[in-house]
**Q** 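Below is one structure. I have some questions about it.
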Protein chains: 2
Amino acid sequence: MGGCTEGWYNRCMKKTRLLLADDHAVVRAGIRNALNELANLEVVGEVEDGPGLFPALEKLRPDCLLIDVAMPSFDPLAAIRQIRAGYPDMKVLVISAYDDDVYVQGLLGAGVHGYHLKDQPLSDLKLAVQRVLAGEKWVSSRLVSKLVSFSEPAAAGPTLTTRQLDILRLLQQGMDNQTIARRMGLSVKTVENHLTRLYRQLGVQSRLEAVNYANQHPHILAIPGQTAAQKPAPPELPVARQVSILLVDDNVRYRRQLRRMVGKVCPQAMIYEAENIDSAMHAVQHVPPKLALVDVVLGEEDGIRCTRRIKAVSPASRVVLISAYPDREFHRSGLEAGAVAFLDKKDLDAAVLRQVIDDLAI
Amino acid sequence: MGGCTEGWYNRCMKKTRLLLADDHAVVRAGIRNALNELANLEVVGEVEDGPGLFPALEKLRPDCLLIDVAMPSFDPLAAIRQIRAGYPDMKVLVISAYDDDVYVQGLLGAGVHGYHLKDQPLSDLKLAVQRVLAGEKWVSSRLVSKLVSFSEPAAAGPTLTTRQLDILRLLQQGMDNQTIARRMGLSVKTVENHLTRLYRQLGVQSRLEAVNYANQHPHILAIPGQTAAQKPAPPELPVARQVSILLVDDNVRYRRQLRRMVGKVCPQAMIYEAENIDSAMHAVQHVPPKLALVDVVLGEEDGIRCTRRIKAVSPASRVVLISAYPDREFHRSGLEAGAVAFLDKKDLDAAVLRQVIDDLAI
DNA sequence: CCGCAATAGGGGGAAATCCCCTAATTTTCG
DNA sequence: CGAAAATTAGGGGATTTCCCCCTATTGCGG
């Protein structure tokens, strides 16, 4: 657990320990053979089915897992999540014959560090292992083109204004223009106008299509911390450095205040908002956030329950509870529910927020 | 693996082997002590954290796992799914301090056999263990009341007609009345009428609310196999024996034919339909089906990809591929993607279908 | 065979939605 | 500060939706 994790196989002059998991002995042999050519790397074990994996992991404690997730008695996504939860420092490189973009997307979302296609040359596999061990992500070249079509519209999608987003969120909950106007303290005409422009930007014709669009492209519900004034850092991966942050608070005013503060502190963040548990979970299911700032008091509901649900769906998300009236018992149960911290609303200024966000990098 | 599973601890005269997992030594001691009073049961091991669990499972191969899922380095839902995939015959009884209904619902959905609240008496725990080993499901009494509020409206929800369901499905995809009318070969007026009645039955005012309702109560999208002519088997759990079946086919006519056949063969089934991968996945995410009958040809898409996605989201679902033009290569890749069978459309009659559905019980 | 429910179609009116326009005010940013 | 963008508000009109009313036709079960 302690000590050197990144690049330690160099510094410590000890070989990187790799575990190989695939149900075909032939494939294992081929891979083992190819990897033998790599110095500083040792294949310390082989696994041929699901149940055998975890004991091997626990016994060998490898630095890297090379795994074909299509094994018998094995649930790929659940296993990867479980592996990442239990061995956060270990690198996971998936080898597979499937090139389905959504499938790969799912595995990457579950936390794998690389995805190598079996039909690619073994030299690529060696490269993949090295890259992954160096802390990079690796995806076989043939998949990259498919995957960029996912991340590209995320960056290139239409940019909505704050008001349009507020209204779109209410639309998602099924409100009509009158209700939205009352809720936001506006005239119906204003709402109509916002909607008209919203439709135009989304390329839709009706409120129903708009909600559908929002559900299929959840990223448009995000507010970029800074409205992208700077140039978007040309060479790097477009989505890689992106951090998504979810704000859950039933108070519109405070949410706005929080949103601005987060935008200042972390301009590259994608900020999502929710005012109740349902819409929060809706957001979490579509875009698992790196960080969730959750108010303990959510009208009739409470942030503790919200925390537990977020952690159930997206264990990788860090949840920070916020309260105006710190309570010892709430504090305890909040942490037990999976929150990493419990902050007093009064203490939450830019400095503290920066601290919280910097902690994400760990 | 083979042989006696149900009630074998009686017949075989061997003690049931139970593994205990909890991060608090005190709790483990208390439970172990309580369970010692049970004859025919032996606590063969204890685990105190996530990484230690799987090696213990693999080494001890217990018949029952008693586990507090709030352990360090542990992702509850993923772990449970993984455990169920790797050790399908083992009973899993969760002990927890949380009484959040949704949380429990999630764990039950992941396949646990029982959920015992820590604040309940230890005598209840002993009972729970026995019931679970006997093949029943167990939920602490305090939770039952919360959970029935989930399953009750599922049974008591408004019953929609076939036409209303067809239209509702198209509504979900964002179509307006004209488009729906064209798609279904009806006049706009007819669509309006169906919608008016649909709204009345759902208790909503607009198409948007209707779609929202459908997303929040996915069960109303199901067609009961038989329109519940028989009495609903009074004493039993209302949803327990219920089987959900998803039909994925882009051909409306064939889908209808298939729906009727399934209704005949399996009157207690809840039948869901989808005409493309997106709506199929939408359904799967809301209601993981026991069985999915998927056409290999889905317009531009293909059933292989659909199979893989279904298995990724809901590994417990059995997928059966159906094709009008059986192809050796399709057959192979279909099974590789996780389908349990590959049927020729011509061979698919009531008898074969019954066979497929009976296989679910295994 | 009769009844009942589902299906299909239509008339008409009140309301909501959608879309074009202008214009005042505020916010934001260079 | 000044320009640009966002926000708010309204007029007016075309269209759609929603919700009553009504009438056939079809299919299915007692």
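Just so we're on the same page: letters track the sequence lines, and every chain starts at 1.
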**Q** Would you say the side chains of B:N276 and B:E300 form a donor-acceptor pair under 3.5 Å?
**A**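 Distance-only check fails for B:N276 and B:E300.
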**Q** Measure the distance from CD1 on B:I180 to P on C:dA8 and round it to the nearest whole Å.
**A**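 Taking CD1 of B:I180 and P of C:dA8, I get 13 Å after rounding.
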**Q** Taking DNA chain D as the partner, which of residues 250-261 of chain A come within under 4.0 angstrom of it by heavy atom?
**A**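 DNA chain D contact set from residues 250-261 of chain A: none.
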**Q** Do B:D101 and B:Q105 have a side chain donor and acceptor closer than 3.5 Å?
**A**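 There is no such pair (donor and acceptor under 3.5 Å, judged by atom type) between the side chains of B:D101 and B:Q105.
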**Q** Can you name the residues that form a side-chain contact (heavy atoms from CB on, under 4.5 Å) with A:T196, not counting sequence neighbours?
**A**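 So A:T196 forms a side-chain contact (heavy atoms from CB on, under 4.5 Å) with A:R200.
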**Q** For the helix from C:dC1-D:dG30 to C:dG30-D:dC1, how many degrees between its two end axes (five pairs per end), to the nearest 10°?
**A**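 Axis angle across the helix from C:dC1-D:dG30 to C:dG30-D:dC1, nearest 10°: 60°.
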**Q** Do A:K345 and A:D249 meet the salt-bridge criterion of a basic N to acidic O distance under 4.0 Å?
**A**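 A salt bridge links A:D249 with A:K345.
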**Q** Side chains of A:N193 and A:T190: any donor to acceptor distance under 3.5 Å?
**A**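 No, no side-chain donor-acceptor contact under 3.5 Å.
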**Q** Rounded to whole Å, please give me the gap between CG in B:L198 and P in C:dA6.
**A**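 Those two atoms, CG and P, are 13 Å apart.
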**Q** Tell me the salt bridge (charged side-chain N to carboxylate O under 4.0 Å, His left out) pairs involving residues 175-184 of chain B, sequence neighbours left out?
**A**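 Qualifying pairs, neighbours excluded: B:R183-B:E275.
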**Q** Calculate the interatomic distance between A:Q178 atom CD and C:dA16 atom C1'; express it in whole Å.
**A**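 That distance rounds to 8 Å.
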**Q** Please produce a list of atom pairs where a protein N or O lies less than 3.5 Å from an N or O of nucleotides 18-22 of chain D.
**A**
{"unit_1": "D:dC18", "atom_1": "OP1", "unit_2": "B:R207", "atom_2": "N", "d": "2.8"}
{"unit_1": "D:dC18", "atom_1": "OP2", "unit_2": "B:Y199", "atom_2": "OH", "d": "2.7"}
{"unit_1": "D:dC18", "atom_1": "OP2", "unit_2": "B:R207", "atom_2": "NH1", "d": "3.0"}
{"unit_1": "D:dC18", "atom_1": "N4", "unit_2": "B:E192", "atom_2": "OE1", "d": "3.2"}
{"unit_1": "D:dC19", "atom_1": "N4", "unit_2": "B:E192", "atom_2": "OE1", "d": "3.1"}
{"unit_1": "D:dC20", "atom_1": "OP2", "unit_2": "B:R200", "atom_2": "NH1", "d": "2.9"}

**Q** With sequence neighbours excluded, what pairs up with A:D344 under the side-chain contact (heavy atoms from CB on, under 4.5 Å) test?
**A**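 Residues passing side-chain contact (heavy atoms from CB on, under 4.5 Å) with A:D344: A:P326, A:K346, A:D347.
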**Q** Rounded to the Å, how far apart are B:D176 CG and C:dC18 P?
**A**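 These atoms are roughly 11 Å apart.
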**Q** Mind listing the closest non-hydrogen atom pair of B:S244 and B:P288 along with its distance?
**A**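 Taking B:S244 first and B:P288 second, the nearest heavy atoms are OG-O, 3.5 Å.
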**Q** What is the distance from CD1 of B:I223 to C1' of C:dA6, rounded to the nearest Å?
**A**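 Between C1' of C:dA6 and CD1 of B:I223: 13 Å.
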**Q** Using OP1 and OP2 only, check whether a side-chain N or O of A:T190 sits under 4.0 Å from D:dT7.
**A**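 Looking at the OP1 and OP2 atoms of D:dT7, neither is under 4.0 Å from any side-chain N or O of A:T190.
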**Q** For a quick test of reading the model, state the closest non-hydrogen atom pair linking B:A350 to B:V265 and the distance between them.
**A**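 So the minimum-distance heavy-atom pair works out to O-CG2, 3.8 Å.
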**Q** Parallel, tilted or perpendicular for A:H282 and A:H286, by the 30°/60° rule?
**A**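 It falls in the tilted class, 30° to 60°.
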**Q** Using 0.5 Å steps for rounding, measure from the CD atom of B:E273 to the CZ atom of B:R256.
**A**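 One finds 9.0 Å between CD of B:E273 and CZ of B:R256.
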**Q** What is the nucleic acid contact for A:T161, judged by heavy atoms within less than 4.0 Å: base, sugar-phosphate only, or nothing?
**A**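 Result for A:T161 = sugar-phosphate.
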**Q** When we call it a touch if two heavy atoms are under 4.0 Å apart, what does A:S187 touch: a base, just sugar-phosphate, or nothing?
**A**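 Counting heavy atoms under 4.0 Å across all strands, the contact made by A:S187 is with sugar-phosphate only.
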**Q** Find the distance A:I167:CD1 to D:dT7:C1' and express it as a whole number of Å.
**A**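 So the CD1-C1' distance, A:I167 to D:dT7, works out to 10 Å.
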